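Dropping the structure in here first, questions after.
Note that the coordinates shown come from a computational prediction; the quantities given were computed from them, not determined experimentally.
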Amino acid sequence: MLRNTKRSYGWVSIVFHWLSACAILAMFGLGLYMVDLSYYDPWYRDALTIHKGVGVIVAVFIILRLAWKLTNEFVQDLTSAQRSHQLQHRLAKLAHLAMYALLFILFVSGYLISTADGRGIDVFGIVVLPSIGELFEQQSDITGVVHLYIAWTLIGLVVIHASAALYHHWILKDLTLKRMCSPQEEQ
């Protein structure tokens, strides 16, 4: 089953979800590693090149994921109509929207950091994302701070998201986590 149904995520959505999760965590880890490198460290330029190139690829991937999500069947919530479950459902929706918004801000701020000097972003020799130059004074420094705080905020939200999935699995004992691991049989 490739496409979503009302009751289950399809393989494409599942793969998009887990590849996104792995890429975001890996990019965060690489970003943390990079901030401790000195200018003379052999990995200083390589780590930055990898971070920029993968960042562009992840941005395209997330746009494709969002397009897939918007053109697929909406998978229904598993919770009941109780008021507390309605609040959980609304908070989950808000968290998902916030994660997409934070990713968008990360992509834009990363682009503005990388292109402030007028050079484009070379994506592993395949394509160069052109620069629009410096749009405001201290662009690289200001967007660098934004990039840092948004990355930490996103990771905090990811931790809450993962904790909620485990809560559903271990406490509520519903299929929320299982549905994101493999398509569920229609009943």
Does Q139 use its side chain to pair, donor to acceptor, with the backbone of L112 at less than 3.5 Å?
-> yes

Going from OH on Y111 to NZ on K52, what distance comes out if it is rounded to the nearest 0.5 angstrom?
-> 11.5 Å

Donor-acceptor pair, side chain of Q184 and main chain of S182, under 3.5 angstrom = yes

For F124, does the CZ atom have more than 12 heavy-atom neighbours from other residues, nucleotides or ligands under 6.0 Å away?
-> yes

Is any side-chain heavy atom of Q88 less than 4.5 Å from a side-chain heavy atom of Y167?
-> yes

Determine whether more than 12 heavy atoms belonging to other residues, nucleotides or ligands lie under 6.0 Å from atom OH of Y100.
-> yes

Common cluster, V123/V54, ILVMFWY with side-chain heavy-atom separation under 4.5 Å | yes

Rounded to the nearest 0.5 Å, how far does CG of L157 lie from CG of L94?
-> 8.5 Å

Verify the distance criterion only: is there a donor paired with an acceptor across the side chains of Y39 and R45 at less than 3.5 Å?
-> yes

Cluster check I132, I105: I/L/V/M/F/W/Y, side chain < 4.5 angstrom = yes

With a cut-off of 6.0 Å (strictly less than), are more than 12 heavy atoms of other residues, nucleotides or ligands near CZ of F104?
-> no

Rounding to 0.5 Å, atoms NE2 (H168) and OG1 (T176) come to a distance of 4.5 Å

Is any side-chain heavy atom of P183 closer than 4.5 Å to a side-chain heavy atom of W11?
-> yes

How long is the gap from CH2 on W43 to OG1 on T49, to the nearest 0.5 Å?
-> 9.5 Å

Is S8 reaching over with its side chain to a backbone N or O of T5, donor-acceptor style, under 3.5 angstrom?
-> no

Cluster check L154, Y149: I/L/V/M/F/W/Y, side chain < 4.5 angstrom | no

In Å and rounded to the nearest 0.5 Å, what is the CZ to CD distance from R3 to E73?
-> 9.0 Å

With side chain to side chain contact (heavy atoms under 4.5 Å, CB included) as the test, would you mind laying out the steps for I121 and T115 before giving the verdict?
-> CA-CA 7 Å; I121 301 172; T115 61; 3.9 Å; yes

Under 3.5 Å, sequence neighbours excluded: what are the donor-acceptor pairs made by side chains of residues 12-34?
{"from": "S13", "atom 1": "OG", "to": "N4", "atom 2": "OD1", "distance (Å)": "2.9"}
{"from": "S13", "atom 1": "OG", "to": "N4", "atom 2": "ND2", "distance (Å)": "3.3"}
{"from": "S13", "atom 1": "OG", "to": "W68", "atom 2": "NE1", "distance (Å)": "3.0"}
{"from": "W18", "atom 1": "NE1", "to": "M180", "atom 2": "O", "distance (Å)": "2.6"}
{"from": "S20", "atom 1": "OG", "to": "F16", "atom 2": "O", "distance (Å)": "2.6"}
{"from": "S20", "atom 1": "OG", "to": "R65", "atom 2": "NH1", "distance (Å)": "3.4"}

Do side-chain atoms of H96 reach the backbone of A92 as a donor and acceptor pair under 3.5 angstrom?
-> yes

Does I113 belong to the same Ile/Leu/Val/Met/Phe/Trp/Tyr cluster as V56, with side-chain heavy atoms less than 4.5 Å apart forming each link?
-> no

Nearest 0.5 Å, what's the CG-OG1 distance between L106 and T153?
-> 9.0 Å

Which pairs with one or both residues in residues 99-119 pass salt bridge (charged side-chain N to carboxylate O under 4.0 Å, His left out), sequence neighbours excluded?
-> D117-R119

Compare all side-chain heavy atoms of R7 with those of V75 and state whether any distance is below 4.5 angstrom.
-> no

Is there a path from F74 to L2 through hydrophobic residues (I, L, V, M, F, W, Y) whose side chains come within less than 4.5 Å of each other?
-> no

